[in-house]
Peer 1: 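One structure is given below, represented as structure tokens, and several questions about it will come after.
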Amino acid sequence: MLRRRFLWSILIVVIAATLLTGMPGCRSGNDDYEPIEDTSPPYLSELAEKLDFYIGAAVGESYLRNSEYVEVLKREFNAVVAENDMKWSTIRWSEHSYNFAPGDAIVKFAEENRMMVRGHTLAWHSQNPGWLRNKKYSREEAIEVLEGYITEVVTHWKGRIKEWDVVNEAIDDEGKRRDSIWQQWIGDDWIEIAFRAAHKADPDALLFYNDYNLEYPSPKQNAVYNLVNGLLKKGVPIHGIGFQGHFSLEYGGVPAKGTLKASIDRFANLGLIVQFTEVDVRIPKPVTASKLKQQAESYRRLLEVALEHPACNAVLVWGVHDKQSWVDYTFPNTTAPLLFDNSFYRKPAYYAVRDCLLAEIERREVEGK
Ligand code: G3I
């Protein structure tokens, strides 16, 4: 009797361990996560290319000196966006000159590796240099400064940067205009002024309005919808909407697929491209195998919707690996929001993204598309 009970308990332990190790990287039965080294193909970039899709990452010029980082970036991604190197704080840290060197390095790297480049961002309330914030410009002076900057920067990378986040986060969570320097100095039409200047400098560049919390219905989503609808009616050159896609497991991660799809539909029905431009899914500490699995399910939802939607052609994650993410210093109780861990090991979220790309390739093959 005792012997039989003992054998049963061994069997139960074995079954539980097998279930937990079904996911790559989950190697222990106590919800700890043990990453495993795996760099085998297929890679995300090659799968994305088959689908005419971009899987991109936010990068920093300083990281391009890290060989491990570069190896993963080149292997897995076919698009990049400058995380900080094309912001006012970098390009115009000095009032009297333009600093293009970090952005140039990113564009050169992307060209050498056949990656699409998104430029981020021409006008934002944040990361503006102190000398600019301290000015007291009249409306006319501010328009001249904004147009001058946009013309100079877009012209510098004309034909090389395919897409620009022209305006970033101009609407707050209540759906009101954010009180930025441009809003204060110029008034409501600063947004259209920015788009028109960017279009004039590079008529072939695709121009985006980019913001967070657009992935589900809210006063903010309504306000952004009304804003871009109004701009389009006036003939303002705007081609796309960036859903930043910063999510947290604390709030359920990525919304339900129906919610996400309806949100994309809304903007797609205006004729706009919709891209997920800054995706991450942060995990409340401590990181466990089951939370990584939930994170993977979030990424899966997002990729499934994005890949199926005809108006969506890109998902960019906000960093290559967890160590590089803005999340740890901004939300210290959360961490590990990306596809690769601190040591560049693939996480369950990586495999979820790859599965979605493979499934979409298969779906299109079956449908003969
Ligand atoms: O470069 C300095 C360094 O010299 C200094 O020692 C250090 C000390 O704090 O700061 C460094 O600058 C930091 C910079 O990132 C580069 O790492 C800034 O403090 C920090 O504020 C800045 O944060 C960036 C943030 O935008 C600024 O608001 C994040 O890296 C970047 O990921 C984040 O990106 C934004 C998108 O542009 C728009 N959407 C939201 C997204 C997340 O906030």
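Side chains are part of it too, since the values below use all heavy atoms of this structure and drop only hydrogens, waters and symmetry mates. We count ligands from 1, going down the list as the structure has it; atoms in each ligand are counted the same way.
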Peer 1: Check whether the ring centres of H199 and W164 lie less than 6.0 Å apart, and answer yes or no.
Peer 2: no
Peer 1: Counting only nitrogen or oxygen atoms and a 3.5 angstrom limit, does N84 reach ligand 1?
Peer 2: yes
Peer 1: List ligand 1 atoms under 4.0 Å from E169, heavy atoms only on the residue side.
Peer 2: 38 (C), 39 (N), 40 (C)
Peer 1: Show the atoms of ligand 1 that are less than 4.0 angstrom away from any heavy atom in H246.
Peer 2: 40 (C), 41 (C)
Peer 1: Would you say atom 39 (N) of ligand 1 has a protein heavy atom nearer than 4.0 Å?
Peer 2: yes
Peer 1: Parallel, tilted or perpendicular, judged at 30° and 60°: which one describes the rings of W182 and W88?
Peer 2: tilted
Peer 1: Give the residue, atom name and distance (to 0.1 Å) of the protein heavy atom nearest atom 36 (C) of ligand 1.
Peer 2: H120 NE2, 3.4 Å
Peer 1: Test N168 against every option in T121, T277, N210 by the side chain to side chain donor-acceptor pair (under 3.5 Å) rule and name the one that passes.
Peer 2: N210
Peer 1: For atom 12 (O) of ligand 1, is the nearest protein heavy atom under 4.0 Å away?
Peer 2: no
Peer 1: Please indicate, with yes or no, if any protein heavy atom is found under 4.0 Å from atom 29 (C) of ligand 1?
Peer 2: yes
Peer 1: Assert yes or no for the condition that the ring centre distance of Y345 to F340 is strictly below 6.0 Å.
Peer 2: no
Peer 1: Assess, by modelled atom type and distance only, whether the side chains of R266 and Q221 contain a donor and an acceptor separated by less than 3.5 Å.
Peer 2: yes
Peer 1: Set out, in order, the CA-CA distance, both residues' side-chain angles and the distance that settles salt bridge (Lys or Arg N to Asp or Glu O under 4.0 Å) for D341 and K347, then state yes or no.
Peer 2: CA-CA 6 Å; D341 73 9; K347 294 163 62 185; over 6 Å; no
Peer 1: Among protein heavy atoms, which lies nearest atom 33 (C) of ligand 1, and at what distance?
Peer 2: K87 NZ, 3.7 Å
Peer 1: Heavy-atom distance from atom 9 (O) of ligand 1 to the protein below 4.0 Å?
Peer 2: no
Peer 1: Is the gap between the ring centers of Y212 and H246 under 6.0 Å?
Peer 2: no
Peer 1: Give a yes or no on whether atom 19 (O) of ligand 1 lies under 4.0 Å from any heavy atom of the protein.
Peer 2: no
Peer 1: Please state which protein non-hydrogen atom is closest to atom 23 (O) of ligand 1 and give its distance, to 0.1 Å?
Peer 2: Y329 OH, 3.4 Å
Peer 1: Assess Y212 for proximity to ligand 1: is some non-hydrogen atom of it under 4.0 Å away?
Peer 2: no
Peer 1: If you apply the rule ring pair (Phe, Tyr, Trp, His ring centres under 6.0 Å), what do you find for F77 with Y54, and how did you get there?
Peer 2: CA-CA 8 Å; F77 298 96; Y54 295 112; over 10 Å; no
Peer 1: May I ask you to check whether over 12 heavy atoms, not counting those of E37, lie within 6.0 Å of atom CD?
Peer 2: no
Peer 1: Report the nearest protein non-hydrogen atom to atom 27 (C) of ligand 1: residue, atom name, distance rounded to 0.1 Å.
Peer 2: Q127 OE1, 3.0 Å
Peer 1: Would you say atom 3 (C) of ligand 1 makes contact with the protein, given that contact here means a non-hydrogen protein atom less than 4.0 Å away?
Peer 2: no
Peer 1: For S126, counting its heavy atoms only, list the atoms of ligand 1 lying under 4.0 Å from any of them.
Peer 2: 28 (O)
Peer 1: For ligand 1, which atoms have a heavy atom of N168 less than 4.0 angstrom away?
Peer 2: 38 (C)
Peer 1: Atom CD of residue position E112 - does it have more than 12 heavy atoms of other residues, nucleotides or ligands inside 6.0 Å?
Peer 2: yes
Peer 1: Mind checking whether W124 and W190 have ring centres under 6.0 Å apart?
Peer 2: no
Peer 1: Angle between ring planes, W326 versus F331, binned at 30° and 60°: parallel, tilted or perpendicular?
Peer 2: perpendicular
Peer 1: Please state which option from E278, Q324, E83, H125 has its nearest heavy atom closest to atom 41 (C) of ligand 1.
Peer 2: E278
Peer 1: Which residue supplies the protein heavy atom nearest to atom 34 (O) of ligand 1, what is that atom called, and how far is it?
Peer 2: W318 NE1, 3.2 Å
Peer 1: Could any protein non-hydrogen atom be found less than 4.0 Å from atom 6 (O) of ligand 1?
Peer 2: no
